[in-house]
4 protein chains.
Amino acid sequence: MRVKDETKQLAIVENTLCVVSEKGFAGVKMADLAKRVGLSVSTLYVYYKNKEDLIMSIAVDLIERESQRSEQEIVEALPFKLKLKTVWLFWVNFSINHRKEMSFLEQLKKSPYYGKLPNSVKERKSKLSTALIDQGKKEGLLKNVDNDILMAILIAVMGETVKLIIHDKMELSQNNMDLMFSMVWDAIKS
Amino acid sequence: MRVKDETKQLAIVENTLCVVSEKGFAGVKMADLAKRVGLSVSTLYVYYKNKEDLIMSIAVDLIERESQRSEQEIVEALPFKLKLKTVWLFWVNFSINHRKEMSFLEQLKKSPYYGKLPNSVKERKSKLSTALIDQGKKEGLLKNVDNDILMAILIAVMGETVKLIIHDKMELSQNNMDLMFSMVWDAIKS
Amino acid sequence: MRVKDETKQLAIVENTLCVVSEKGFAGVKMADLAKRVGLSVSTLYVYYKNKEDLIMSIAVDLIERESQRSEQEIVEALPFKLKLKTVWLFWVNFSINHRKEMSFLEQLKKSPYYGKLPNSVKERKSKLSTALIDQGKKEGLLKNVDNDILMAILIAVMGETVKLIIHDKMELSQNNMDLMFSMVWDAIKS
Amino acid sequence: MRVKDETKQLAIVENTLCVVSEKGFAGVKMADLAKRVGLSVSTLYVYYKNKEDLIMSIAVDLIERESQRSEQEIVEALPFKLKLKTVWLFWVNFSINHRKEMSFLEQLKKSPYYGKLPNSVKERKSKLSTALIDQGKKEGLLKNVDNDILMAILIAVMGETVKLIIHDKMELSQNNMDLMFSMVWDAIKS
DNA sequence: TATGAATGAGCGTTCATTCAT
DNA sequence: GATGAATGAACGCTCATTCAT
């Protein structure tokens, strides 16, 4: 299954992302979705076995692509602080440019769907980042506290930064980004 | 005249909070809720005009109680850093002890219900905190950046702190709390 | 039962009439009605055993009062055509001034409630009128056709006359009334 | 692809007509209707978007067919009185043979549904008849009064005629029909 | 008598999913 | 493979009526 029309396939994903980010998973109605992409409901069920399959497939795809990106983003040669900043800023930018995907992922984590994801997929995500943080600690640049805590801070502030920009409470300027990163850095640096 | 069972009223709220924090607003089914509190569906509609009324009533209650608490929690006499720390820790503790309420409020903000809240209720919330931050800036203790940004950092880290504790990734010890606050403080101090 | 507050009693009837004429019997909601007249629902059930009783009581009342009026309205001394015209015009006027009652009665006839009226009440209505028509036939002034037919014509045109006036398609002037009656008269006169 | 059972469609309309003429629009219960025609409730909603759509669709259909019939029924060549009689009798007959449809239409006019009909549908109905009446007035055969009044008389007597026959108070014989029409004619002729 | 509390039986509607061609 | 037809299981809500004080 899931072979035929690639265009439709993409349209389904795109539309699902759209609706989920606006109205949540419950807002996705199979009939609606089918109409939007110009398919009959029953044909939609040829592409995806059911609603769960639809959402899980998209989720797995998204997460896998995200992991790949993390790996590519790290430029080994840079000094630690700059390396971290680069990655951090990359994700801020990425989150803003892929709001829908991020929103989908965010909602996924709180939904019952998340629990059904294969562990292999769930684990894959954070590996990279912990390696990075370990390096910082080894170099004596980061506070010697649990990785989870440092990660939490990094991600929390990143999330708020994105929100501030999306909600037009802050401009996406070099200055502001420098400021925001300096604040996280101050928080986690030893 | 039959007499109203005050217990039921509380049970309704309690159960709603429970379900919302576990499955979101959509997870609240009037029939289900009625059964949980030992009432018939129609009686539930005697207490609340409809589902929206149920949720909004609880929301307004929660927010008002939250505002009151904020006001009470501030001990004017303390030096700024300590004052902020006290408040911040109070909310960390409170959030942990009232997970369901907090989860409800968190979801409320992203739901269409939030937009329907009377402005008077919405506005009341933030006043206190901005006053506190203003003081910190006036005393030259906080970075001279937008209040929204400082608030965002404070709240973001608070949220993550709570999550770490709830998910058993960190103990709720004096040491850990000192650590966490020191991290936020480092981030926002001038 | 049904003894206490005469004012409430009247208010109930008045409100029921109002609602029925606007939205039909189904539009009468016991709870609504109670609120309108400043009674609790349960007290409304002290006045009337149930919704059917409420409607039937009003119906019987209305019909009985209507019959009485018919009797009073006939001035024996007049010549037949004038006598008929007087009665006919009386009813046109009455129908206009008591739209709600008439509407109630009209709807009653098509409703399942009508079948439940005691025959004694149903029969009483037309007696008078048939006597009048019989007289007209005896005097050779009316077509010698079945009373039902003559009655039907009289009533049908009366109904349309009322409608024309109520819907502002005709003025309630002496001329117009003369015209309308002359039309019925032409139809039924021998 | 399963093929649509055209019978069902008709059965829905037929049953709706039946129920409406017996118990009014409120008497139509979607679940009941579905059962009558051997469909599940949800399938009924495949045929019609909702209850209003069901009723409005039938209404529009009926009115349009009625208008068409009016147009066809007029035989231009006949002298006026005969032409009018033909049409009048046609509608008497039609009303008797299509009681349910007529009852539906009658109730429609008093229901809130009527106000929601597109004007194009509402207007179409009366054009023909007014043309006919105008002719009668031009030829000096009808009383020179407002068309609304003449129409009202024609329709009112028609309605009563139908009722008399349906309620078995009069036979549908040539004689009786001649009589009834002569009565209307006497009423409206100049 | 008066009334707030409580309820069962229903109703219109939605939606993910399956059937049959 | 594609699709229109069909459906069961819910869900939110209403309302006449009864209960219990």
Side-chain angles (χ1 to χ4, degrees), chain A residues 1-5 8 25-35 38-55, chain B residues 1-6 8-9 26-34 37-54, chain C residues 1-5 8 25-35 38-55, chain D residues 1-6 8-9 26-34 37-54:
Chain A
M1 36 210 124
R2 209 171 327 155
V3 265
K4 259 297 157 77
D5 196 335
K8 300 284 180 184
F25 293 112
V28 179
K29 315 288 160 83
M30 298 302 270
D32 260 33
L33 184 58
K35 190 180 289 174
L39 240 45
S40 77
V41 188
S42 358
T43 310
L44 184 55
Y45 275 85
V46 173
Y47 285 73
Y48 298 94
K49 176 161 133 269
N50 52 36
K51 188 173 169 177
E52 184 172 322
D53 181 34
L54 165 71
I55 283 163
Chain B
M1 181 188 75
R2 226 134 116 187
V3 78
K4 185 135 117 194
D5 187 349
E6 289 293 338
K8 302 281 176 177
Q9 178 81 272
V28 179
K29 319 286 163 145
M30 298 305 268
D32 197 52
L33 184 58
V37 300
L39 242 41
S40 77
V41 187
S42 17
T43 309
L44 190 53
Y45 278 87
V46 172
Y47 287 73
Y48 299 94
K49 191 160 120 269
N50 50 39
K51 187 173 169 177
E52 181 171 325
D53 182 35
L54 165 70
Chain C
M1 39 210 120
R2 206 173 329 157
V3 266
K4 260 294 157 77
D5 196 336
K8 300 284 182 185
F25 292 112
V28 179
K29 313 290 160 82
M30 297 303 269
D32 260 33
L33 184 57
K35 189 180 286 172
L39 240 44
S40 76
V41 189
S42 357
T43 310
L44 184 56
Y45 275 85
V46 173
Y47 285 74
Y48 297 95
K49 177 160 133 268
N50 52 36
K51 188 173 171 177
E52 183 171 322
D53 181 34
L54 165 71
I55 282 162
Chain D
M1 180 188 72
R2 226 134 114 186
V3 79
K4 186 134 117 194
D5 187 350
E6 289 294 338
K8 302 280 177 179
Q9 180 81 274
V28 179
K29 319 285 164 148
M30 299 303 270
D32 197 53
L33 184 58
V37 301
L39 241 43
S40 78
V41 188
S42 19
T43 309
L44 190 53
Y45 278 85
V46 172
Y47 286 74
Y48 298 94
K49 188 161 123 268
N50 51 36
K51 189 173 168 178
E52 182 171 324
D53 182 35
L54 165 71

Self-check item: D:Met30 CE to F:dG12 C1', straight-line distance once rounded to whole Å
Solution: 17 Å
Quiz prompt | B:Tyr45 to B:Asn50 - nearest heavy-atom pair and separation | solution = CE2-CA, 3.7 Å
Exercise. With the side chain of D:Ser40 defined as its heavy atoms from C-beta on, choose the nearest nucleotide among F:dG8, E:dT7, F:dA16.
Key: F:dG8
Quiz item: More 5' along DNA chain E: B:Leu39 or D:Lys29, using each one's nearest nucleotide?
Solution: B:Leu39
Exercise. Might you point out which heavy atoms bring A:Leu39 and A:Tyr47 nearest each other, and give the distance in Å?
Key: CD2-CE1, 3.8 Å
Quiz item: Which atom names give the shortest non-hydrogen contact between D:Met30 and D:Leu54, and what distance separates them?
Solution: SD-CD2, 4.2 Å
Quiz item: Could you state the CG-C1' distance from B:Leu44 to E:dA5, rounded to the nearest angstrom?
Solution: 13 Å
Quiz item: When rounded to the nearest 0.5 angstrom, what is the spacing between CG in D:Asp32 and NZ in D:Lys29?
Solution: 8.5 Å
Self-check item: Protein-nucleotide distance (C:Lys35, atom NZ; E:dT3, atom P), rounded to Å
Solution: 15 Å
Practice problem: State whether the side chain of A:Ser40 and the backbone N or O of A:Thr43 hold a donor-acceptor pair below 3.5 Å, judged by distance alone. | Solution: yes
Quiz item: Toward the 5' end of DNA chain F, which comes first, A:Gly38 or D:Gly38, by nearest nucleotide?
Solution: A:Gly38
Quiz item: Which heavy-atom pair separates A:Ala31 from A:Val41 by the least distance, and what is that distance?
Solution: CA-CG2, 4.1 Å
Exercise. Could you walk me through whether D:Gln9 and D:Tyr48 pass the side chain to side chain contact (heavy atoms under 4.5 Å, CB included) test, one step at a time?
Key: CA-CA 10 Å; D:Gln9 180 81 274; D:Tyr48 298 94; 2.9 Å; yes
Practice problem: Take the protein atom CD1 of A:Ile55 and the nucleotide atom C1' of E:dC15, then report the distance between them rounded to whole Å. | Solution: 14 Å
Quiz item: Closest nucleotide of DNA chain E for D:Val41 versus for B:Thr43: which of these residues is on the 5' side?
Solution: B:Thr43
Self-check item: Whole angstrom value for the distance that separates C1' of F:dG12 from CG of B:Asp32
Solution: 13 Å
Quiz item: Ignoring hydrogens and geometry, is there a side-chain-to-backbone donor-acceptor pair from A:Lys8 to A:Gly38 under 3.5 Å?
Solution: yes
Practice problem: Indicate whether OP1 or OP2 belonging to E:dT7 is found under 4.0 Å from a side-chain N or O atom of B:Ser42. | Solution: no
Exercise. Could you tell me whether a side-chain N or O of D:Lys51 sits under 3.5 Å from a main-chain N or O of D:Val28, the two making a donor and an acceptor?
Key: yes
Quiz prompt | Residue-level proximity of residues 45-54 of chain B to DNA chain E when a heavy atom falls under 4.0 Å | solution = B:Val46, B:Tyr47
Practice problem: Name all stems that contain residues of DNA chain E, defined as runs of 3 or more consecutive Watson-Crick or G-U wobble pairs, both distances under 3.5 Å. | Solution: E:2-21 with F:2-21
